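Everything below concerns the one structure shown next.
Whatever order the structure lists them in is the order used to number ligands and atoms, beginning at 1. These numbers were taken from a predicted model, which means no experiment stands behind them.
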Amino acid sequence: MSSEPSAVQTPNAFTPRIFSGIQPSGGLTLGNYLGALKRFVEKQDEGIETIYCMVDMHAITTWQDPEKLRHQTREGAAAFIAAGIDPARSILFNQSQVPAHAELGWIFNCVARLGWMNRMTQFKDKTAGKNAEAASLGLYAYPSLMAADILVYHATMVPVGEDQKQHLELTRDIAIKFNNDYGVNFFPVVEPLIEGAATRVMSLRDGTKKMSKSDPSDQSRINLTDSADQIAAKIRKAKTDAEPLPDTLDGLRDRPEARNLVNIYAALSGQTAAEVIAENAGAQFGTFKPRLADLAVAKLSPITDRMNRLMQDPAEIDRILGDGADRADSLARPILDRTKDIVGMIRSRRM
Ligand code: AQP
């Protein structure tokens with residue numbers, strides 16, 4: 001049988017499959033939970049095939065202490081499971097255990113154009129005020145590896161927070177260019193799933209900045225490892241203005257900190273922001289913040305307790321990640337092999 005690219009079979013339709021990842025570049029935050037984890041669980045429970053990953057190769061695009069990286073990768077995996085990911089129903093693993101990500105990432109580095117990469121706002125944000133010349137090449141190439149993470153599984157949908165929208169547009173551009181360059185319909189054009197009341201949870205210290213695990217101020221975020229007292233104290237001290245809550249959503253337009261707390265309440269309670277405003281119209285923050293703190297503690301503390309229990313058995317977490325990596329590898333390997341055939345690379349036929 002010929003192995004020339006023209007003989008490569010390419011699918012015309014793609015099975016619905018979800019992929020998403022989280023960087024173990026620190027402890028996970030409320031932003032990661034509401035923008036990503038909680039929705040990952042919902043997608044799993046809808047019965048769609050789901051593949052979730054601790055993207056440790058992305059984490060090292062900025063310096064990571066090796067011991068902390070190992071700890072954060074396990075802790076992130078524990079957070080997935082504690083939040084409701086079932087490793088028997090979803091595939092859960094860490095990226096570096098599946099070499100196909102890096103291999104396809106290199107091929108995509110040769111598909112992506114420098115002009116596209118130069119437009120990536122996350123690289124600009126992460127190097128803002130710093131010497132961009134001293135940033136790693138990996139940080140610059142990050143979105144191309146992210147495209148490989150997704151497309152090496154032929155994933156069709158990617159649940160993410162708002163901040164990842166541009167990277168997913170790049171993933172679509174890479175798939176389209178690859179398909180056009182090689183005259184195939186091999187990679188799906190993925191659909192970003194950016195949904196819900198908290199697609200962009202903001203810092204508790206500055207309502208115009210994203211809540212981030214790498215923000216130097218611990219007061220800016222709620223960590224999934226925070227105790228009930230820490231959560232309540234951070235919400236009590238969250239920056240707000242002096243006005244009571246308005247009676248319409250429109251009244252939040254120029255009040256980023258107030259809007260953020262309302263959105264967090266909505267996402268945690270499963271309500272819309274309009275419903276939260278209707279229930280709390282006219283409330284002072286002295287009243288609303290304790291309500292939010294009670295809700296946050298009620299929702300997050302059981303997850304934190306489960307995470308802490310899981311972290312007592314790191315060998316079991318490693319076993320789960322290893323099992324997930326084997327299953328991920330068996331999906332990714334044939335897709336990578338077919339990509340190599342399309343590109344014209346001679347593959348080993350060794351078994
Ligand atoms: N504040 C946020 N609001 C909503 N969603 C968020 N996500 C992150 N922060 C928020 C979503 O979480 C998923 C995993 O993100 P990531 O950890 O891979 O990278 P990130 O977006 O760069 O997150 P951080 O916390 O800001 O990490 P650092 O500080 O290391 O850069 C993604 O779906 C993201 O949208």
Residue among D241, N260, T240 satisfying side-chain hydrogen bond (donor to acceptor under 3.5 Å, both in side chains) with R255: D241
S90 side chain to P87 backbone, donor-acceptor under 3.5 Å: no
F40 and F80 aromatic ring geometry - parallel, tilted or perpendicular at 30°/60° bounds: parallel
Proximal protein residues to ligand 1, non-hydrogen atoms under 4.0 angstrom: G21, I22, Q23, S25, G31, N32, G35, A36, Q122, K126, V160, G161, D163, Q164, A198, T199, R200, V201, K210, M211, S212, K213, S214
Of V158, L193, D173, the residue whose pairing with L168 passes side chain to side chain contact (heavy atoms under 4.5 Å, CB included): V158
Ring-ring centroid check F123 H167, cutoff 6.0 Å: no
Other cluster members, I176 - Ile/Leu/Val/Met/Phe/Trp/Tyr, side-chain contacts below 4.5 Å: V189
